[in-house]
Amino acid sequence: MSKYTTEALRSVALVGHGAAGKTSLAEALLFATNAIAAKGSVEKGNTVGDSDAQEKEAGHSLTSAVMNFGYEDTHVHLIDTPGYPDFAGQAIAALAGVDTALIVINAQTGVELMTERMMRHAAERKLCRMIVINKIDADNLDLPGLVADIRERFGKQCMLLDLPAHGAADVVEVLEHDSGDADFESVAAAHRALIDQIVEEDEDLLAQYLEDGADPSATALHAPFEKALREGHLIPILFTSARTGAGIKELLHVLASLAPSPAEGNPPPFYKGEPGGDTQAFQAMPDAGKHVLAHVFKVVADPYMGKIGVFRVHQGTVKKDMQLFVGDGKRPIKVAHLYQLQGKDTVEVDELLPGAIGAIAKVDEIEFDSVLHDSHDEDHIHLVPLEFPKPMAGLAVETKKKGDEQRLFDILGKLAMEDPTFIVERHPTSNETVIRGLGEIHLKAKLAKMASQYKLEVDTKPPRIPYRETITGNAEAMYRHKKQSGGAGQFGEVHLRIEPKGRGEGFEFVDAVKGGVIPGVFMAAVEKGIRQGLEGGVVAGYEVEDVKVTVYDGKTHAVDGKEVAFTIAGRKAVIEAVRNAKPIVLEPIVNIEIVVPENAIGDLTGDLSSRRGHITGTDGRGHGLAAITGEVPLAELNDYQSRLKSLTGGQGSYTIEFARYSAVPPNVQQQMASKFQLHDEDE
């Protein structure tokens, strides 16, 4: 039997920008609760969270790590996540496994890119949020200024739950204390502001508070505090130093007494139905006696244990040796071994209650985002997917050794299985295998893992830019395919019209044929031909998207009408229609953030403008650094890392995130079209 009840469980993710000290904070929490005998350090490479050889070499987290500890009759499941934007996929995925996001901020560098992104992602997921300002023992800090900046960026609901005291050697808690010494602000004022905010969540409590003026008891404040957290009306601010231990006991007390249990947090957004069809909301109940419902938020390809699925139990009790179904799979899997995780170490357990995080191994059917359940009644239940940044940085890869091609595909498949922001594309026209990720560092980490863990070396080169084509007008076309070569021939005639759809709406095929002029058995062939024509491109050889194609007429032949004829007719007709519908080439535009020394701003903005970029803002980051934000075509960034290194003396870095597709300039389209026509003629 489990030692802890569901009501005593807490699930928390440490998120925020790189170098905020999340991994060190996790070590301090584990050490303070006797879960580990001694605190490890990132510098020495002996932390529970960063156990991978690559992470030790890099000096920062590359993947999320699950750990757990007990404190004050509660059991906390903690997920330490990477903080650098290139590895955001692992951090975002962890949000599906927790009720609370602790946004960790470096007291020295303040609010940074991933601080804002993870705050936004956690809010969109309706998670309870708390802010932890770490490294308060550092020199030359402006903590009052940082708190003011946090409130300006995230709202006045960001309120002090404790304050540094005695030169940041301690912290003083302000919910239950209305007096005491603090390094800045007034404990009494912070206490009063916090109580005023909390009691507004409960009309009866507010009336009593206004009537007698006395502070409600901690017990009376618990429910409105949880409600304020759930609804985003309160985002507590706490202070810690993972190095000295200041604020660690206070943070642990907050997790145990104020962080929500599985029953107190906002319910996870499950739904019943299939994506794209009719769906209805489904609420998982954190009841140990109900059917099992669990969600896989992390998958690991382990060289010794095989595929490991890490999941959060939302309903029911997962027990060792029980049978579970994966998604709508008809065959059950057996839970031969059930684990809790402590970093890379696994601890076998007999059961996991609602709210617990665990893992099973050697189950090939498990995929990222899978739902596990023990009854076919839950076959069609899914969790609303998280929003991940679109991988835009790319490299074309090929094996150094001939004959390793299949190994390459197998290994890339494993890497993609582990990371929702790493994708593998195969382009038949250019014969390229392209890997895409969130940035150059992200892709370098994957290549390093291929070399170290899988012993596979590859050559790389810049890939083709993922241009697209679309249309801006309506057109109609027909094509008759007629072939006679003795005996039975081929005949098919297709009439269709094409019209543009909104950006990102995809392809729509409509069968409006009446009277059987194209027999129903051939309509699949017509659609196949149309899709082939669109995939091959018309203007410059790139896929045509966001169009609606309606087939409304045609002809067949009693003897010569064949699938192949209608496939060819569909393809040729749609190509002709696209040519007449004012086609344009679209290019990917990315949001870019460049962090550079302040004295390089002028050079960088000028360089970005020369690349058809548009500057949207600059922002001081302290310590002589500034951030430049803007938009730029992806095609203009092929050599950007070396250019940035040259302009900043190696001190600059940048991140990109997909923004949208936009039409290329007319002169660029003409160049692309002429090259494609020449290529077409050669074939």
Between [X] and [Y], does any side-chain N to carboxylate O distance fall below 4.0 Å?
| X | Y | answer |
| --- | --- | --- |
| Arg660 | Glu631 | yes |
| Arg612 | Glu587 | yes |
| Lys414 | Asp410 | no |
| Asp459 | Lys400 | yes |
| Glu440 | Lys444 | yes |

The reported gap from CG in Asp511 to CG in Leu496 (rounded to nearest 0.5 angstrom) is 12.0 Å
Here the gap from Asp619 atom CG to Glu112 atom CD, rounded to the nearest 0.5 Å, amounts to 10.5 Å
The single option from Thr460, Val434, Val458 that satisfies side chain to side chain contact (heavy atoms under 4.5 Å, CB included) with Leu395 is Thr460
With Glu418 as partner, the option from Lys449, Lys446, Lys298, Gln90 fulfilling side-chain hydrogen bond (donor to acceptor under 3.5 Å, both in side chains) is Lys449
Only one of Lys562, Lys483, His481 passes side-chain hydrogen bond (donor to acceptor under 3.5 Å, both in side chains) with Gln490, and that residue is His481
Measure from the side-chain N and O atoms of [X] to the backbone N and O of [Y], and report whether any donor-acceptor pair falls under 3.5 Å.
| X | Y | value |
| --- | --- | --- |
| Gln669 | Val664 | no |
| Thr629 | Thr616 | no |
| Ser609 | Thr605 | yes |

Other residues, nucleotides and ligands only: do more than 12 of their heavy atoms fall within 6.0 Å of [atom1] on [X]?
| X | atom1 | answer |
| --- | --- | --- |
| Lys402 | NZ | no |
| Lys501 | NZ | yes |
| Glu274 | CD | yes |
| Leu625 | CG | yes |
| Asn667 | CG | yes |
| His376 | NE2 | yes |
| Glu387 | CD | no |

Please set out all donor-acceptor pairs under 3.5 angstrom arising from side-chain atoms of residues 564-575, sequence neighbours excluded.
residue	atom	partner	partner atom	Å
Thr567	OG1	Ala525	O	3.3
Thr567	OG1	Glu563	O	3.1
Arg571	NH1	Gln532	OE1	3.3

Closest heavy-atom pair, Phe282 versus Lys272, reported as atoms and distance to 0.1 Å, is CB-N, 4.2 Å
With Arg497 as the cation and Tyr552 as the aromatic partner, state whether NZ or CZ is under 6.0 Å from the six-membered ring centre and within 45° of the axis. yes
Hey, are the side chains of Arg117 and Thr655 touching, using non-hydrogen atoms and a 4.5 Å cut-off?
-> yes
- Task: May I ask you to decide if the ring planes of Tyr84 and His17 are parallel, tilted or perpendicular, using 30° and 60° as cut-offs?
- Result: perpendicular
